[in-house]
Amino acid sequence: MAFLKPKQAPVPQVDFERLPRHVAIIMDGNGRWAKKRGLPRTAGHAAGAETFRTIATYCKDIGLEYLTVYAFSTENWKRPAEEVSAIMGLLKKYLLEAIGRMERDRVKMKFFGDLTPLPRELRELCERTEEIAKHYDGVQVNICLNYGGRDEIIRACKAFAAACAAGETAPGFLDEAAFGQYLFSAGVPDPDLIIRPSGEVRISNFLLWQSAYAEFYFTDVLWPDFSKDELHRALAAYQSRSRRFGGV
Ligand code: FPP
């Protein structure tokens with residue numbers, strides 16, 4: 001019958017003693033969520049920002065160490081100016097609230113991406129948030145903002161080349177661990193689990209270096225509808241996998 005919700009897979013048990021250390025999420029499907037309701041795309045982003053708040057807080061509650069979310073890619077500047085400005089506005093609103101609540105919420109933020117082209121007020125807010133977050137523990141939430149995996153790798157290559165030119169290091173010292181120190185994610189373990197909602201099955205320039213051995217979880221649920229139950233499904237799927245890292 002039309003008014004019945006579509007059947008959802010049952011919510012499996014999660015072993016909270018065996019959680020991944022680091023979960024990363026491509027928060028996709030905001031536009032389609034809004035379209036289905038006859039709303040502007042910006043309403044989808046506003047709903048997506050609420051989902052982000054709920055999921056980030058829940059990740060802290062269950063004791064996850066790192067959560068990384070894709071909020072705005074290096075390619076997202078191609079979107080209409082009103083949409084870009086609405087996303088920036090939502091980020092600003094979220095950060096202003098988060099700064100005030102960091103002591104209570106223990107959700108500490110860091111940013112991956114080049115913040116230089118962002119509106120000055122937002123950039124300064126990001127810097128202030130990171131500075132304050134240094135004093136808190138709790139889940140570390142990395143917000144990818146003006147972020148692209150290829151851009152990150154090129155920046156790391158340039159930084160390494162510059163360090164070589166300055167005589168601080170030499171090509172012979174470069175290995176995977178050393179290269180990782182030049183990435184935005186320096187000091188953060190690679191994601192164990194990458195979740196992409198909305199039915200799209202691609203990586204879209206997200207954490208290209210860091211995703212080498214990540215487990216993936218795809219779902220048709222649109223990001224604004226993503227719930228704790230859906231996170232449980234993703235975590236249970238992760239726990240059912242056998243990770244071999246190229247071994248046997
Ligand atoms: C992808 O969905 C979503 C984005 C490009 C923006 C994500 C931004 C937010 C969730 C709001 C601000 C974030 C924080 C951290 C407060 P889409 O627009 O590509 O959806 P579609 O594929 O259905 O069009």
Side-chain angles (χ1 to χ4, degrees), residues 23-60 64 66-102 105 107-115 117-119 121-123 125-130 132-133 138-149 151 184 194-207 218-227 230-231:
V23 172
I25 307 181
I26 300 177
M27 304 186 289
D28 196 13
N30 296 345
R32 277 163 286 167
W33 182 92
K35 194 172 172 202
K36 266 171 63 180
R37 287 161 178 76
L39 297 170
R41 291 178 57 81
T42 49
H45 296 311
E50 279 312 308
T51 302
F52 162 73
R53 189 198 306 277
T54 307
I55 295 297
T57 309
Y58 186 61
C59 286
K60 183 264 298 178
L64 206 84
Y66 299 93
L67 171 70
T68 299
V69 293
Y70 210 1
F72 194 85
S73 76
T74 43
E75 288 72 37
N76 286 153
W77 296 104
K78 293 181 211 154
R79 295 186 177 214
E82 320 84 75
E83 185 172 340
V84 170
S85 134
I87 295 174
M88 300 296 163
L90 283 165
L91 280 159
K92 200 174 117 185
K93 179 168 170 276
Y94 173 77
L95 292 181
L96 280 169
E97 288 165 8
I99 285 178
R101 291 159 36 152
M102 216 180 297
D105 290 355
V107 171
K108 51 181 277 184
M109 255 109 15
K110 204 171 155 41
F111 296 89
F112 290 179
D114 175 20
L115 303 184
L118 298 180
E121 216 185 329
L122 177 59
R123 192 179 67 236
L125 202 50
C126 293
E127 289 161 359
R128 189 144 64 90
T129 309
E130 275 193 345
I132 298 172
V139 61
Q140 177 174 320
V141 177
N142 307 305
I143 300 184
C144 295
L145 191 46
N146 189 30
Y147 172 88
D151 178 67
F184 291 121
I194 297 183
I195 300 173
R196 182 163 194 164
S198 94
E200 308 293 356
V201 187
R202 54 178 170 265
I203 189 84
S204 298
N205 206 10
F206 186 49
L207 303 178
F218 296 102
T219 168
D220 287 340
V221 170
L222 302 172
W223 174 248
D225 291 329
F226 194 92
S227 57
E230 199 52 40
L231 182 66

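Start at 1 and go down the list; that is how both ligands and their atoms are numbered.
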Legend entry - Close approach, Glu200 and ligand 1, non-hydrogen under 4.0 angstrom: no
Inset, instruction - Do me a favour and list the nearest non-hydrogen protein atom to atom 14 (C) of ligand 1 with residue, atom name and distance? - result: Leu91 CD2, 3.7 Å
Inset, instruction - Please state whether Ser198 comes within less than 4.0 angstrom of ligand 1, counting heavy atoms only. - result: no
Legend entry - For ligand 1, the portion of Lys35 having any non-hydrogen atom under 4.0 Å away: neither
Legend entry - Atoms in ligand 1 with a heavy atom of Met27 nearer than 4.0 Å: 1 (C), 2 (O), 3 (C), 10 (C)
Inset, instruction - Would you please indicate if the ring centroids of Trp77 and Phe72 are separated by under 6.0 Å? - result: yes
Inset, instruction - Please report which non-hydrogen protein atom sits nearest to atom 10 (C) of ligand 1, along with the residue it belongs to and the distance in Å to one decimal place. - result: Asn30 ND2, 3.5 Å
Legend entry - Per-residue contact class, Glu50 against ligand 1 - non-hydrogen pairs under 4.0 Å: neither
Legend entry - Heavy-atom proximity to atom 4 (C) of ligand 1, best of Lys36, His45, Arg53, Arg32: His45
Legend entry - Under 4.0 Å to a heavy atom of Tyr94 - the qualifying atoms of ligand 1, by number: 16 (C)
Legend entry - Flag, side chain of Thr68 to backbone of Ala24, donor-acceptor distance under 3.5 Å: no
Inset, instruction - Look at Lys92 together with Glu97 and state whether they make a salt bridge at an N to O cut-off of under 4.0 Å. - result: no
Inset, instruction - Determine whether the side chains of Arg196 and Thr219 contain a donor N or O and an acceptor N or O closer than 3.5 Å. - result: no
Inset, instruction - May I ask whether Arg79 places a heavy atom under 4.0 Å from ligand 1? - result: yes
Legend entry - Distance from atom 8 (C) of ligand 1 to nearest protein heavy atom, with residue and atom: Ala71 O, 3.7 Å
